[in-house]
Amino acid sequence: MRGTFLLAGATATGKSAVVQYLAEQRGAALLSADAMLVYRGMDIGTAKPSQEERLRVPYYGLDCVTPAETFSSARWLESLAQSETAPLRFVTGGTGLYFSLLLRGLDPAPPVDSERRAALEALPLAELQARLAQRKVTLEDMQNPRRLIRALEILESGGSLPRGWGSKAKVKLPALLWPRALLHARIAERVRKMYQSGLLEETRALRTAYPEWSRTANQAIGYAEAGAVLDGKVTRVEAIEQTIIRTRQLARRQETYLRGQFEVTWIACSSSDTVPMIAERVWAVWEKEGAAKLATL
RNA sequence: GGCGCGAUAGCCAAGCGGUUAGGCAGAGGACUGCAAAUCCUUUUAGAUCAGUUCGACUCUGAUUCGCGCCU
């Protein structure tokens, strides 16, 4: 078997373990499709594959930047390109946007200009809306400054807005799915383990190494709350609780994105399943559906 | 035992004799270079029983439970 095979799914569904297992078994390379695993040193809170696991399988898409740097989806495409040489490649991760890039491509648009972005971010929402109104442009989501700003960046530099992935024919994507209640239990357990494994200490060390973090790294689930503990703003117990809640909310949004953007082949999991059992099901889906048809980038 | 205060949704918490409290959590949705981000929508009430009233979560009484004080 050759080619690229994908496995999506919400956080804490066990994607990584399943794909690690399959990669070891089949001699594949792994590409992480995750916007947080790119941060060097953010290991415990992102549930990054261990050094041992990484020695057994070639990995791409990990540790691309420091927490002080700003990452971007365009930048992730570099990791994708690096992994091209592998004859058999498995891609897994929780960032649905990256699967969109992989399967649907990226319409031409100007890269982010940090000065222009900062200028737009300083504007009130009403001003952003007014500027779009001047250009007779309406977005679906006129309350969302993020999207208004990006639209203005593209328009003000002479580009035209992408048509939208959601409106195009959906592409197939396999994903793991747990009953919500079980997933919530898995999330709670995982967060507690992160604290037992030293998330606070890791955060403290990273803050020493990098006093200023990029906005995205700063907001990373687990690290934001651990930082609040270190600053004495919340207790450890409160931070654990808040991290669990934010992770649950992330998982819900991840599933919503997959449902909305892809024709998902859901691979159902239950509490009695082991990693090899789920891996077998994933492999069966991959064999049946064939290698992913990637967009030409 | 007596007196007082309280009881509102999974949690916190208001006003009101008739028209949506609100927040959090949960659920659904959007998404093209920050995505673990950003934004939109939204279910679930009035401890129990009786009374007053056209109409009670709101007023009255009893009961139950909780808290405080007294003996």
Side-chain angles (χ1 to χ4, degrees), chain A residues 8 10-12 32-39 42 45-48 65 67 69-80 93-114 116-118 120-121 125 128-129 138-155 157 159-168 180-181 183-184 187-188 190-191 194 199 213-227 238 241-262 295 297:
Chain A
T11 184
S32 159
D34 192 293
M36 292 298 138
L37 294 188
V38 302
Y39 291 107
M42 291 172 57
T46 60
K48 197 178 284 173
V65 295
E69 295 173 77
T70 298
F71 197 70
S72 71
S73 22
R75 195 100 187 249
W76 181 76
L77 294 174
E78 294 171 14
S79 297
L80 173 64
T95 304
L97 178 63
Y98 294 172
F99 284 103
S100 292
L101 295 176
L102 201 57
L103 291 167
R104 320 248 224 154
L106 186 60
D107 285 340
V112 174
D113 176 301
S114 55
R116 177 166 48 211
R117 174 157 292 182
L120 287 168
E121 278 175 346
L125 181 63
L128 297 172
Q129 290 168 337
T138 309
L139 296 183
E140 197 170 349
D141 201 2
M142 292 301 283
Q143 301 291 111
N144 189 341
R146 275 277 177 103
R147 294 186 63 193
L148 302 189
I149 286 170
R150 182 57 188 156
L152 284 168
E153 281 176 355
I154 294 171
L155 293 169
S157 60
S160 57
L161 295 181
R163 281 156 295 172
W165 284 319
S167 59
K168 295 180 187 171
R180 207 42 90 69
L183 186 64
H184 285 183
I187 287 169
R190 183 152 92 158
V191 170
M194 284 175 181
L199 181 57
W213 291 16
S214 69
R215 192 182 316 185
T216 309
N218 239 330
Q219 294 174 135
I221 295 175
Y223 293 93
E225 293 79 8
E238 285 166 342
E241 197 173 326
Q242 192 54 36
T243 302
I244 291 170
I245 288 169
R246 277 228 287 157
T247 308
R248 283 205 299 251
Q249 293 172 336
L250 166 66
R252 185 166 55 72
R253 272 181 279 125
Q254 286 172 313
E255 289 183 355
T256 299
Y257 188 84
L258 294 175
R259 277 194 295 263
Q261 299 290 325
F262 306 99
L297 296 165

Every protein N/O within reach of nucleotides 11-13 of chain B N/O, cut-off under 3.5 Å:
none

Where do N or O atoms of nucleotides 40-44 of chain B meet protein N or O atoms at under 3.5 Å, pair by pair?
none

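In this structure, of B:U32, B:G26, B:U38, it is B:G26 that holds the atom nearest to the side chain of A:His184. Side-chain proximity of A:Arg117 to the nucleotides B:C34, B:A30, B:U38 is greatest for B:C34. When distances run from any side-chain atom of A:Thr216 to the nucleotides B:G26, B:U32, B:A35, the shortest one goes to B:A35. Proximity note for A:Thr256 (side chain, C-beta onward) versus B:A35, B:C31, B:A27: the nearest is B:C31. The A:Ala109 side chain lies nearest to B:G33 when the options are B:G28, B:U38, B:G33.
Taking the side chain to side chain contact (heavy atoms under 4.5 Å, CB included) definition, one finds that A:Arg246 meets it with A:Ile221, A:Ala224, A:Glu225, A:Gln242, A:Gln249, sequence neighbours left out. Residues that satisfy the ring-ring contact (aromatic ring centres under 6.0 Å, His included) test with A:Tyr98, not counting sequence neighbours, are A:Trp76. Listed by chain and number, the residues in a salt bridge (charged side-chain N to carboxylate O under 4.0 Å, His left out) with A:Arg259 amount to none (sequence neighbours excluded).
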In dot-bracket form, how is RNA chain B paired, counting a Watson-Crick or G-U wobble pair only if both its distances are under 3.5 Å and using | for bases paired to another strand? (((((((..(((.....[...))).(((((.......)))))....(((((..]....)))))))))))).
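Base contact: A:Gly45 has a heavy atom under 4.0 Å from a base atom.
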Would A:Arg190 and A:Thr11 count as a side-chain hydrogen bond (donor to acceptor under 3.5 Å, both in side chains) here? Give the steps. CA-CA 10 Å; A:Arg190 183 152 92 158; A:Thr11 184; 2.6 Å; yes
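Side-chain atoms of A:Glu121 and base atoms of B:C34 include a donor and an acceptor less than 3.5 Å apart.
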